[in-house]
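Quick caveat, the model's predicted, so the values are computed rather than measured. We count residues from 1, following the sequence as given.
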Amino acid sequence: MMSGGVGKYTHIDNQKVSGSVPSVPDPGHVAVQFTADSNLQTFPPSESQGKISGGTRPPRDADDTFSKPVSGSEESQQGGWFRTFTVAAYKPYFDVDTTDVLERIKYSLFPFRGTFTEKTLSNPDLYGPFWICTTLIFVAASIGTFVTYIAHKLQKKEWNYDINLVTWSAGVFYGYVLLVPLVLYVILKYFSAPSGLVQLFCLYGYSLFVFIPALCLSVIPVEIFRWVIAGVAGFMSATFVALNLRAHIMSAGERWFFIVAGIFLLQLALSVVLKLYLFTVTV
């Protein structure tokens, strides 16, 4: 009797257990969609960060402690132009790794390709331009100081360190990378051929990399050699900028040639200024 009762209750319990567990349908393959285009050309950028749209968002079942901003922190969400003054607004422009920066530097050293804007269209960065300009400032100050020190010692003259070399270099490089793309952005928008402002900052920043090895070679105390180095560096930098903007500026109409020529000559003028103030040593 007891064994039969146990079997009866066991049968009933099995039915209850089996009935309480619903069948879970097979979800199949989960489609993950990657966005090929990016909206990093807009300023300030939208919420999508990185190379993959929304790649930094936590999963839905995650603890929302990580998804909610801390009160009073820099990550607090703000609308409109208030977001421009937060650190989070500039994170997408620094979402590059060492491989990306080195690859873009390599493209800047081969100016006749003219494919730099195509490679960086979906993810222009500001990290590379900032690093290049800062490196140029320290290289120009250190190389200029070293060259003038050697020149004074060889002629047995008194040498004094010139702190203005650092401030002058910072003003030239930072000012050029900020002001020239901004003015060009307004000009292109006037001629109905607008370009991304961040893209212009990125292009002009990487165009200055060639002046880093040029400044290092200026240690050689031969004036003709220094002129050749400054000329080659200026020509490479000007060609790099002009060819990468030519295809885009051609949509501005018949005046595209004058705009490209002005961009080329302005970049050459920068190399002449650098030669007169950084590549020339006077004792």
Keeping Thr239 on the side-chain end and Met236 on the backbone end, is there a donor-acceptor pair under 3.5 Å?
no
Any donor-acceptor N/O pair, Asn244 side chain to Thr117 backbone, under 3.5 Å:
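Confirmed, Asn244 side chain pairs with Thr117 backbone.
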For Tyr204, give me all partners under side chain to side chain donor-acceptor pair (under 3.5 Å), at least two apart in sequence or on another chain.
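Applying side chain to side chain donor-acceptor pair (under 3.5 Å) to Tyr204 gives none.
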So, using side chain to side chain donor-acceptor pair (under 3.5 Å) as the criterion, who are the partners of Ser237 when residues are at least two apart?
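If we apply the side chain to side chain donor-acceptor pair (under 3.5 Å) test to Ser237, skipping adjacent residues, the hits are Gln267.
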If you compare all heavy atoms of [X] against all heavy atoms of [Y], which two are closest, and at what distance to 0.1 Å?
X: Thr145; Y: Ala141; result: OG1-O, 2.6 Å
X: Ser195; Y: Leu188; result: CB-CD1, 3.9 Å
X: Pro124; Y: Leu121; result: CD-O, 3.8 Å
X: Ala233; Y: Ala214; result: CB-CB, 3.8 Å

Tell me who clusters with Leu265, hydrophobic residues only, linked when side chains sit under 4.5 Å apart either directly or through other members.
Phe112, Phe235, Leu243, Phe264, Leu268
Hey, what else clusters with Leu102 if you join Ile, Leu, Val, Met, Phe, Trp, Tyr whenever side-chain heavy atoms sit under 4.5 Å?
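Direct or chained contacts put Leu102 with none.
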Note, [X] side chain near [Y] side chain (heavy atom, < 4.5 Å):
X: Val139; Y: Cys216; result: yes
X: Leu184; Y: Ile263; result: yes
X: Leu200; Y: Leu245; result: yes
X: Val101; Y: Tyr127; result: yes

Stacked cation flag Arg104 on Tyr107, 6.0 angstrom / 45 deg:
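No, a cation-pi geometry is absent between Arg104 and Tyr107.
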From [X] [atom1] over to [Y] [atom2], what is the distance, rounded to the nearest 0.5 angstrom?
X: Ile105; Y: Thr98; atom1: CD1; atom2: OG1; answer: 10.0 Å
X: Phe116; Y: Glu103; atom1: CZ; atom2: CD; answer: 10.0 Å
X: Asn123; Y: Asp100; atom1: CG; atom2: CG; answer: 7.0 Å
X: Leu208; Y: Cys133; atom1: CG; atom2: SG; answer: 5.5 Å
X: Ser271; Y: Trp227; atom1: OG; atom2: CH2; answer: 8.5 Å
X: Tyr176; Y: Leu136; atom1: OH; atom2: CG; answer: 12.5 Å

Working for side-chain contact (heavy atoms from CB on, under 4.5 Å), residues Ser218 and Ile229
CA-CA 8 Å; Ser218 66; Ile229 291 298; 5.9 Å; no
Can you list, pair by pair, the side-chain donor-acceptor contacts under 3.5 Å of residues 165-175, counting residues two or more places apart and other chains?
from	atom 1	to	atom 2	distance (Å)
Thr167	OG1	Asn164	O	3.0
Ser169	OG	Leu165	O	2.7
Tyr174	OH	Thr134	OG1	2.6

Residues in side-chain contact (heavy atoms from CB on, under 4.5 Å) with Ile220, at least two apart?
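Here the qualifying residues are Val222, Phe225.
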Verdict with reasoning, Thr120 to Tyr206, per side-chain contact (heavy atoms from CB on, under 4.5 Å)
CA-CA 11 Å; Thr120 61; Tyr206 281 98; over 6 Å; no
Should [X] and [Y] be regarded as members of a common hydrophobic cluster, given that ILVMFWY residues are connected when their side-chain heavy atoms come within less than 4.5 Å of each other, either directly or indirectly?
X: Phe138; Y: Tyr277; answer: no
X: Leu179; Y: Phe201; answer: no
X: Phe258; Y: Val186; answer: no

Any ion pair linking Glu223 and Lys275 (charged N to carboxylate O, less than 4.0 Å)?
yes
